[in-house]
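This report concerns only the one structure given below.
Keep in mind that what you see is a predicted model, and the values were worked out from it rather than measured.
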Amino acid sequence: MADTYRRDISFLAYVDLLGTTYSSSTLATGYGAYIAQPLLRKAVEGREGDLSEEEARKIMTDCLRVLFYRDARSLNKVRDSYVCSGIVL
């Protein structure tokens with residue numbers, strides 16, 4: 001989800017190839033912006049600081065499952081990772 005910047009401000013941001021920036025508590029691109037973004041907003045917004053890693057993984061798994069069912073050309077294999085300041089798992 002999001003880690004802290006300068007250890008006091010939590011943020012999640014996106015920059016495209018044209019330099020357009022967008023920041024929000026949830027982000028999705030491509031097809032996920034149409035299908036998964038509403039699911040992410042419903043599950044996350046208003047409780048960003050209260051989500052555990054387990055809850056975040058469940059939300060992402062649910063969103064990816066919906067995307068898989070909606071797109072006939074996708075694969076059902078997913079790799080996830082956890083990123084925070086100084087640690088990538």
*What's the shortest heavy-atom distance between Ala28 and Ala33, and which atoms?*
O-CB, 3.5 Å
_Salt-bridge criterion met for Glu53 and Arg57 (N-O under 4.0 Å)_ = yes
_Is the shortest side-chain heavy-atom distance between Glu45 and Ser24 below 4.5 Å?_
yes
*Calculate, to the nearest 0.5 Å, the distance between atoms CG and CG belonging to Leu40 and Asp62 respectively.*
10.0 Å
*Do the side chains of Thr26 and Leu12 get nearer than 4.5 Å, heavy atoms only?*
no
*Look up atom CG in Leu51 and atom CD1 in Ile59, then write down how far apart they are to the nearest 0.5 Å.*
5.0 Å
*To the nearest 0.5 Å, how far apart are CG in Leu67 and CE in Met60?*
8.5 Å
*ILVMFWY cluster, Val66 and Tyr31 together (side-chain gap under 4.5 Å)*: yes
_Test applied, side-chain contact (heavy atoms from CB on, under 4.5 Å); reference residue, Tyr22; option that passes from Val15, Leu27, Thr29_ = Leu27
_Separation of Ser25 OG from Arg47 CZ (nearest 0.5 Å)_ = 11.5 Å
*Would Leu39 and Val78 show up in the same hydrophobic cluster when neighbours are defined by side-chain heavy atoms closer than 4.5 Å?*
yes
*asked:* For Asp50 versus Glu55, what's the shortest heavy-atom pair and its separation?
replied: O-OE1, 3.6 Å
*Could you give the distance from CG (Asp80) to OG1 (Thr61), rounded to the nearest 0.5 Å?*
7.0 Å
*When rounded to the nearest 0.5 angstrom, what distance separates OH in Tyr34 from CZ in Arg70?*
13.5 Å
